[in-house]
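Throughout, protein chains are lettered first and strands after them, A, B, ... in sequence-line order, and every chain is numbered starting at 1. What you see is a predicted model, and the numbers here were worked out from it, not measured in a lab.
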There are 2 protein chains.
Amino acid sequence: MTEQLVFEKMERDPLHERVHRELRAAIIAARFEPGQKLTVRAISSAFGVSTMPVRAAFARLAAEKAVTALANGTISIPLLTREQFDELIELRMLLEGIATEKAARVISGEEIEALQQIAGELHEAAQANDADAYLRLNQQFKFTVFKAARAPALEDLIERLWLQIGPFMRHYAADIRGQLDTDRYDAVIAALRRADGRTARAAMEEDVAGGAAFLKRVAVFAETSAEPPAGK
Amino acid sequence: MTEQLVFEKMERDPLHERVHRELRAAIIAARFEPGQKLTVRAISSAFGVSTMPVRAAFARLAAEKAVTALANGTISIPLLTREQFDELIELRMLLEGIATEKAARVISGEEIEALQQIAGELHEAAQANDADAYLRLNQQFKFTVFKAARAPALEDLIERLWLQIGPFMRHYAADIRGQLDTDRYDAVIAALRRADGRTARAAMEEDVAGGAAFLKRVAVFAETSAEPPAGK
DNA sequence: TAAGCTATTTTGTGATCACTAATCTAGTCA
DNA sequence: TGACTAGATTAGTGATCACAAAATAGCTTA
């Protein structure tokens, strides 16, 4: 019998996935102007690839609603109205709250360890006023909790909401000094540790609400949903 | 000044959208075997088009999780485990309930009229034991309610859940005689008419739960999530 | 100067070709 | 007879070409 050779995962990584990942990251990091139009050829030449991977990535991003497909097929960076923003926040509070409550019942010790670790780094980022790191760690913390809920479909819905609201996150970087409150993370961890779902949920909801309130003050919104997206 | 000519909407309908629409309908109607692999070339020759529109449609469907993308990029019809099914149902009850409660506050007279009309046809379909028509009308009824909630992001999440659970709906057709209860629709309409969100929500949740209970008896599930999907 | 028309460019869309890596199929050897 | 292997097939992925419609720029005209 041939010996069992265990290799690292094959790292299959097609171009269209790489393009998708990078575009997605760029959108969340708000490296595009809201309302800006993205053309296949421009992006493909920027990546140094043909149009094919970009077209595939666009199709995926549009289905995820990370970008908006105009009526004529043009892709543009989403622009949110206040109403749309409010609805997304309301849904995030609901679903993230539920996920946190679920997590409290089934989270493992290792996962709580990981949360503790991230919370420590969050504290450092807050003291250093490093908004970028703070946002990244905040996302990491939250999705560690959501993953601990063992509810993949729920996690998927939450991720979808994050994608849609992502472009607005950059407004955090504007002026956030002193706004960074890391106590809530400790509260979440403490509640999760004693399986107190109710309290953990409340803390998580408060975090979403607080962030949203800040964003609503500094973000710029669309007057009205000017050009409705195409297709169904 | 040239006279204002008003034309019907331009009906721009690219091939890849048509393919997407048809494939999506076929999946929901369960015209594919769960687990079945779909190849780009097979589908494209079946539609009589090149591979391009099919590739675009596949990318969209995969992002919508209406199909599963295997690790090597192959597209296959989703197979649900009992746990996955239960989670989707739980989320549907939650979100559809909330949407119904919202609708109760803002639904218009015309929309209630439309619901009444659909409920009438549902009654006929039930008496005729026409499962196909019943399912179609049931979907139409529900999404009329959801649309009335004026919460597009919420409606979008619900639609996503329907897409994932869609392939299982065909098991309804198996043996559903006498199971078709149209009273609930009247109850929903009555509650909506008097803006009684609580009652409307309860009736809608009951409908989801009832349908799910029936499906769990007759549907076939995957033993385990055999091959996990690729990408993120 | 501003509005309207035309020509050019750009863009999305679809088809076709090429390449590599799985996958399946025989065929062979122990 | 069963397992391994080499050849053939089929798969996804990427690039390039072609075309029509939309957007833009530039020119003309009132």
For a quick check, with a 4.0 angstrom heavy-atom cut-off, what is the B/S/- contact string for nucleotides 6-15 of chain C, read 5' to 3'? -----BBBBB
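Counting only distance, with no hydrogens or angles, the side chain of B/Gln84 and the backbone of B/Thr81 share a donor-acceptor pair below 3.5 Å. A/Glu96 places no side-chain N or O within donor-acceptor distance of the main-chain N or O of A/Met204, the cut-off being under 3.5 Å. A donor-acceptor contact shorter than 3.5 Å links the side chain of A/Arg150 to the backbone of A/Ala148.
The pair B/Lys102-A/Glu87 does not count as a salt bridge, with every side-chain nitrogen at least 4.0 angstrom from each carboxylate oxygen.
In this structure, A/Phe85 and A/Phe168 have tilted ring planes: the angle between them lies in the 30° to 60° band.
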